[in-house]
Amino acid sequence: MSDRKKETQGAGSLTANTPTRFSRRRLLKLSGAAALGGILGGPGALAGGRAWAAAPAAKAAPEMSRHFSACDMCFNKCGLIARVRDGVVRKLDPNPRYLKSRGMLCARGNAGIRQLYDPNRLKYPLLRKGARGEGKWQRLSWEQALDLAAEKLGKLAKEYSPCGTVFNAGTDTQSVFVHRFAEAYGSYNVISHESNCLISRNRAFLDTFGVVPIPDTLNCKYIIMAGANRFEALVTPDSIDIVTAMERGCKLVVLDPRFTKTAALAHEYHAIKPGTDMAFFLALAQVLIAEELYDREFVAQRTHGFDKLAKHLRPYSPEWAEKECEIPAADIKRMARELAAAAPAAMVYPGRRSSDYEDSSQIRRSMAIVNALLGNWDQKGGLTLPRAIKTGSIGFTAPFYDNNPEDRVDAGRAQMMFPEEGSFKHTRDAVLEGKPYPVKGWFNYKTNPMQTGANRKKTMEMFSKLEFSVCVDILMSDTAWVSDLVLPAPTYLERQDPVSSFQGSSACSGIVMRDPVVEPMFESRPVFWIVKELAGRLGLGEYFDFTIEDYRRAQLKDLPQVAKALKEEGVYNDVSPTHGQHQGKDFRTRSTKVELYVDRYLEHGVDPMPVYHAPKPVPAGKYRMVVGRNAYISQSSSTNNVLLCELEQENSLWMHPQEAAKLGLAQGDKVLVTSPVGSQTIKARITEETRPDTVYMDSGFGVISKALENVYGKGACLAELLEDRADAVTGNMAMHETLVSVSKA
Ligand SMILES: Nc1nc2c(c(=O)[nH]1)N[C@H]1C(S)=C(S)[C@@H](COP(=O)(O)OP(=O)(O)OC[C@H]3O[C@@H](n4cnc5c(=O)[nH]c(N)nc54)[C@H](O)[C@@H]3O)O[C@H]1N2
Ligand SMILES: Nc1nc2c(c(=O)[nH]1)N[C@H]1C(S)=C(S)[C@@H](COP(=O)(O)OP(=O)(O)OC[C@H]3O[C@@H](n4cnc5c(=O)[nH]c(N)nc54)[C@H](O)[C@@H]3O)O[C@H]1N2
Ligand code: SF4
Ligand SMILES: [Mo]
């Protein structure tokens, strides 16, 4: 839809005498606010918004003030400078001093302003009335809301033990306080978005190298990227550094069943058959060994299990792999030689999201093993040691509750789960089964499992089995929509946060900080305040006997230079060398070496070296659904943002022309997509940018929350279609295991 059309549509909900000198942007804000009044309260609730509503009428524009902050439109925390006038954020600019983001603020980062002023922002505490998902809410005062939540949490702890409540906190600098609250309250059922994201990648690299390494993409000369899309799924500084490296002669090879923007910019692209990456990497490793192209000195001195690996790889020839992954054997051999020629400034990029297959940990292990053979460890252009500045904190000793069960509710459901992380999928199953013990409470902060946990029906069912759920969000997300109590939080531009230490990268490691750029709007309150208030009511006040200011002081106690830089430049960059940091030191693995063979896995029933199992075949008339990103959507959480919606109004189903022709489809036709767990109707996007056996759609659409007025009614929900399979080793959600059928709607 064009800007103009939107303007007209938005204006429809205003009266005819709307002053014409209003800017278009102001008109959108006001129209949205008025329309929302019907659902979440009258425009009077926009108390905090008064300043911005009145601002455009001001005559002489006063100077803008500058405020440092860090973007929170995704986890990257790119440095920004907010320009504020009359208490209104007018513009967000990148902070040029922030080396991690290299002076960049992406489309989503720029649109952060519109997240702050989204008329659909939650304004005050709401209690569900009527049936779950019906959308009937009663406004509560904070006092009422907190009293209610404390009473329910207290009762749940008595009846079901503290572990009877799950705490689910998404990526955020204040999530640490949710974890602290969970510990003080006594629940070790703490989960996060990470088991829907990257824990299988972490498992694989951690168990190979003893740490999850940071790729030095900037200095790399040859990158193979598989199962990642760095020019659309932005990770700073990699997304920028790979471009710079390419300008300096680095070769980029992309393997993806979809022709992504990253593929479009790569030197070489292969439309790999989904689920077969391990075949490719095992064959690559075989060639490196057979042709003696690997780093013999590094392998001899620093790795464990080489002989076993060499033997294990014998059946995995390039000719065999070609039949599996559909990449020609000659190309696999050539790539092995090219990689080795560029080594150690050569890598298989570790990627990030690995919530794709049931053997994702082992797929990523095969990628880690190729890196080890290249000897690129701790070298310029290779995999480097993660470094982060250690900050202080305010310590505490968690109380002991003897009515608690032995272990997490999801324990034992995966071979080697991270005990501090658990698994969303397995936790949800355990809650549904009531086994090994009942879980009846759910505290949700800044994560939206109704959209980002595969199999939405199951998530919905789980919520309906709970006795009490609370959701802290900035918007009425789908998860808030099915919760019992919804609490409004401030956005990052209104928040004071603890400082955040970010890991080393090609650029540097460093520290960022957020202070409110503008006053919190409406009755929004940070989660720190919420859990502190709850703790006070539950007799746990001693665990929150401080302010964020105190906490930050404790964090920076021994880092005066950091405190000074944060004040003056909004960021502290640690520019110490990124490589050569690990020479002569042991690896933090059992063998103290890089583990090509992981003995420890045997104790857990896990293959010590990756064994290839072909993905299940895709029969004619079925398609494998894969997940991915574009540059203007953050998972599920930015599709209500009007600025970003200008770039994409609704999602569509990518389908190859050959298959579309079989179904008699024309561009834009509505199709019914059916999986074993759900069905959705969506427009077809007929394109050669996907393999004939693979379909794709963007995430964040097909919402059930009617309070997300801009996106409600648009597109289809991916989570409704995806089956909830899991990586066997970690319990990471496996979201590329679903086969769907498609028919004309
Ligand atoms: N714009 C934007 N940037 C983001 C995010 C965002 O939501 N939007 N999210 C951030 C987060 S949380 C993360 S974890 C990262 C994720 O960043 P990435 O780890 O790069 O993950 P995806 O974007 O999901 O890319 C996975 C790619 O793998 C492809 N693929 C599917 N199946 C296979 C297969 O079997 N083999 C191979 N080789 N490829 C396959 C998909 O088509 C997709 O393009 O991005 C971060 N950056
Ligand atoms: N369908 C699908 N599922 C996926 C993925 C996908 O691409 N598609 N990606 C996977 C990956 S890699 C990841 S990391 C996970 C991410 O999964 P989630 O953690 O669920 O990420 P988001 O979808 O970004 O949801 C963030 C929620 O926090 C809210 N929010 C945003 N800012 C604030 C704030 O400042 N305060 C508060 N209190 N709330 C805020 C948003 O409104 C939204 O409801 O999803 C995984 N699952
Ligand atoms: S990559 Fe974009 S959305 Fe993510 S933190 Fe950086 S500017 Fe913000
Ligand atoms: Mo992620």
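Whatever order the structure lists ligands and atoms in, that order sets their numbers, starting from 1. In this chain, numbering begins with 1 at the start of the sequence shown.
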Atom 16 (C) of ligand 2 sits nearest the protein heavy atom Q635 CG, 3.7 Å
Top protein contact for atom 38 (N) of ligand 1, by heavy-atom distance: D277 OD2, 2.7 Å
Would you mind listing which atoms of ligand 1 come within a distance below 4.0 Å of any non-hydrogen atom of E232? 1 (N), 2 (C), 3 (N)
The atoms of ligand 1 lying under 4.0 Å from a heavy atom of T260, numbered in the order shown, are 44 (O)
Where is the nearest protein heavy atom to atom 29 (C) of ligand 2: which residue, which atom, and how far? D473 OD1, 3.1 Å
Any atom of ligand 2 sitting under 4.0 Å from a heavy atom of E194? no
Identify the protein heavy atom lying closest to atom 17 (O) of ligand 1, giving its residue, its atom name and the separation to 0.1 Å. A233 CB, 3.2 Å
Atom 31 (C) of ligand 2: which protein heavy atom is closest, and how many Å away? I474 CD1, 3.7 Å
Any heavy-atom pair between the side chains of Q635 and R629 that's under 4.5 Å? yes
Heavy-atom proximity to atom 4 (Fe) of ligand 3, picking from C71, C74, A111, S101, points to C74
Tell me whether ligand 2 is touched by G170 - counting only heavy atoms on the residue side and a distance under 4.0 Å. no
Logged contact type for T262 with ligand 1, heavy-atom cut-off 4.0 Å, is neither
Give the contacting part of A226 toward ligand 1: side chain, backbone, both or neither, where contact means a heavy-atom distance below 4.0 Å. both
Honestly, for V627 the part within reach of ligand 1 (heavy atoms, under 4.0 Å) is backbone
Atom 20 (O) of ligand 1 [closest protein heavy-atom partner, distance rounded to 0.1 Å]: N229 N, 2.8 Å
Would you say N640 and N120 are linked by a side-chain donor-acceptor pair, where the criterion is simply a distance under 3.5 Å? yes
Who gets closest to atom 34 (C) of ligand 2 by heavy atom: M697, K446, M733? K446
Contact with ligand 2 for P490, non-hydrogen, under 4.0 angstrom: yes
Which one holds for H193 and ligand 1: side chain close, backbone close, both close, or neither close, with close meaning a heavy atom under 4.0 Å? neither
To the nearest 0.1 Å, how far is atom 3 (N) of ligand 1 from its closest protein heavy atom, and which atom is that? L234 N, 2.9 Å
To check your reading of the model: name the closest protein heavy atom to atom 43 (C) of ligand 1, its residue, and the distance in Å. D256 OD2, 3.4 Å
Ranked by distance from atom 24 (O) of ligand 1, the top protein heavy atom is R353 NE, 2.7 Å
Any side-chain donor near an acceptor of the partner, S636 and N448, under 3.5 Å: yes
Looking only at N/O atoms, are H736 and ligand 1 under 3.5 Å apart anywhere? yes
Judging by distance only, is a nitrogen or oxygen of G275 under 3.5 angstrom from one on ligand 1? yes
Assess C106: does it contribute an N, O or S atom lying under 2.8 Å from atom 2 (Fe) of ligand 3? yes
Where does V626 meet ligand 1, judged by heavy-atom distances below 4.0 Å: at the side chain, the backbone, both, or neither? side chain
To which protein heavy atom is atom 30 (N) of ligand 1 closest, and what is the distance rounded to 0.1 Å? P257 CD, 3.5 Å
Salt bridge present between K123 and E523 (N-O < 4.0 angstrom): no
Ligand 1 versus T171, non-hydrogen atoms closer than 4.0 Å: side chain, backbone, both, neither? neither
Between S636 and ligand 2, find which residue part has any heavy-atom pair under 4.0 Å and reply side chain, backbone, both or neither. both
Tell me which protein heavy atom sits closest to atom 10 (C) of ligand 1, plus the residue, atom name and distance to 0.1 Å. F75 CE2, 3.4 Å
cation_pi(R97, F68) dist<6.0 Å, angle<=45: no
For the residue pair R203 and F418, would you count it as a cation-pi contact if the rule is NZ or CZ under 6.0 angstrom from the ring centre and within 45 degrees of the ring axis? yes
